Protein chains: 2
Amino acid sequence: MLSNSSKYAIKAVLFLALNASEKKKVMVKDISKPINVPQAYIAKLLQPLVKEGIVSSARGPRGGFYLDENNMNHSIMSIVNVIDGEKRLKSCLMSLKKCNEEKPCPLHNELSASRAQILNNLKSRMIKDLVKEVEAGNAFLPL
Amino acid sequence: MLSNSSKYAIKAVLFLALNASEKKKVMVKDISKPINVPQAYIAKLLQPLVKEGIVSSARGPRGGFYLDENNMNHSIMSIVNVIDGEKRLKSCLMSLKKCNEEKPCPLHNELSASRAQILNNLKSRMIKDLVKEVEAGNAFLPL
DNA sequence: AATAAAATATGATAAAAATCATATTCAAGA
DNA sequence: TCTTGAATATGATTTTTATCATATTTTATT
Ligand code: FES
Ligand code: FES
């Protein structure tokens, strides 16, 4: 479903959302340990997220990563889309060229509803929503 | 979600269910084209399926692959389990060591229900059920 | 028994994903 | 302005997955 890279990216973003701010930037080396992802790996994943405006960053001394209010308003799916590309989640379960309602593959009819639920969820849930859940004690870290 | 190999395997099994029988065995070369999978590749995938009793086969002249009544009673998930291994579908969406209800990861609460639906579906739907759907015109091939 | 047709077993190669390493650029502070 | 600390860019390596190729075994048919 999600690539390893996407999972790592989500973990990093969530970690930043919870533990960083513009006044308290966090460096990659301080991200990698708590989320249990190799430093060089997560450093690379963060770049496209910064470029797409999902994460904020600052270079140089006292630099690091963080999320501002704007960043927090991105969906989980937007993270996945940046890392894995748009089509990974949307393509036919059986890898048919065109997955549609008219000529559904044998898995489509029964699975597409559940799958759509998942996709809608990923699309409609923002980073800030996950933050709330964690802060409310309904979801848990470390990741 | 599903590996390429699993998708191919499902396609092959379904093709056999629809087009082969003990009296009318089908050779790999005649499977590979209609399901659009390289011959050597599908040949390899069929081996573990035969070994696990999901597909039947016979060697030598007039040999080939087919499904008997018994084979038809396997679930879609059993195919995936043979090809991808048990844990692929069941592991935590965030790849946490232990995915459980007590310490759910931030994606768990909202996604686990939909995910469970998919898994239950794959587990409870047998090959013969898919065959019926295709024969009834509710699902379509070629794959 | 010999032949030939098929699956089966095994391994080699190619492509993609994951991981690791390093050089470069930018910005803060001395 | 110089130094240093950080992200950023780029590329190399490793591992996994996908794909291709071939030798071996089994079995029906002659
Ligand atoms: S999931 Fe295959 S046609 Fe929709
Ligand atoms: S899916 Fe992550 S804890 Fe259940």
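What you see is a predicted model; the values in this text were computed from it and never measured. Note on naming: letters A, B, ... go to the chains in the order of the sequence lines (proteins, then strands), and numbering restarts at 1 for each one.
- When the nearest nucleotides of DNA chain C are assigned to A:G60 and A:P38 by heavy-atom distance, the more 5′-ward of the two goes with A:P38.
- Following rounding to the nearest Å, B:I42 (CD1) and C:dT8 (C1') show an atom-to-atom distance of 15 Å.
- Of the candidate nucleotides C:dT19, C:dA21, D:dT8, C:dT19 has the atom nearest to the side chain of A:Y8.
- For A:R59 against D:dT8, a side-chain-to-base donor-acceptor contact under 3.5 Å is absent.
- Listed for the B:D68 side chain is no donor-acceptor partner under 3.5 Å among the backbone atoms of B:S56.
- The B:R62 side chain lies nearest to D:dT29 when the options are D:dT29, C:dA27, C:dA18.
- Mapping A:S3 and B:Q47 onto DNA chain C via the closest heavy atom, the residue that lands nearer the 5' end is B:Q47.
- As rounded to whole Å, 18 Å separates atom P of C:dC20 from atom NZ of A:K29.
- In A:E22, the CD atom is not crowded: 12 or fewer heavy atoms of neighbouring residues, nucleotides or ligands sit closer than 6.0 Å.
- At the phosphate of C:dA7, neither OP1 nor OP2 sits under 4.0 Å from any side-chain N or O atom of B:S57.
- The interatomic distance linking B:M27 (CE) with C:dA7 (C1') rounds to 11 Å, in whole Å.
- Residues B:S32 and B:Y41 have side chains that never bring a donor and an acceptor to within less than 3.5 angstrom of each other.
- What separates CG of A:L45 from P of C:dA21 is a distance of 16 Å, to the nearest Å.
- Distances were taken from every side-chain heavy atom of A:P61 (C-beta onward) to each of D:dT27, D:dG5, C:dA18; the shortest belongs to D:dG5.
- Remark: side-chain polar atoms of B:N73 are not paired, donor with acceptor, to backbone N or O of B:N70 under 3.5 angstrom.
- Between B:L46 atom CG and C:dT10 atom P the separation is 17 Å, expressed in whole Å.
- Looking only at distances, a side-chain donor or acceptor of B:D129 sits under 3.5 Å from a matching main-chain atom of B:M126.
- Nearest nucleotide to the A:N4 side chain, out of C:dT19, C:dT8, D:dA7: C:dT19.
- Taking for each of A:K44 and A:A58 the nucleotide of DNA chain D with the nearest heavy atom, the 5'-most of the two is the partner of A:A58.
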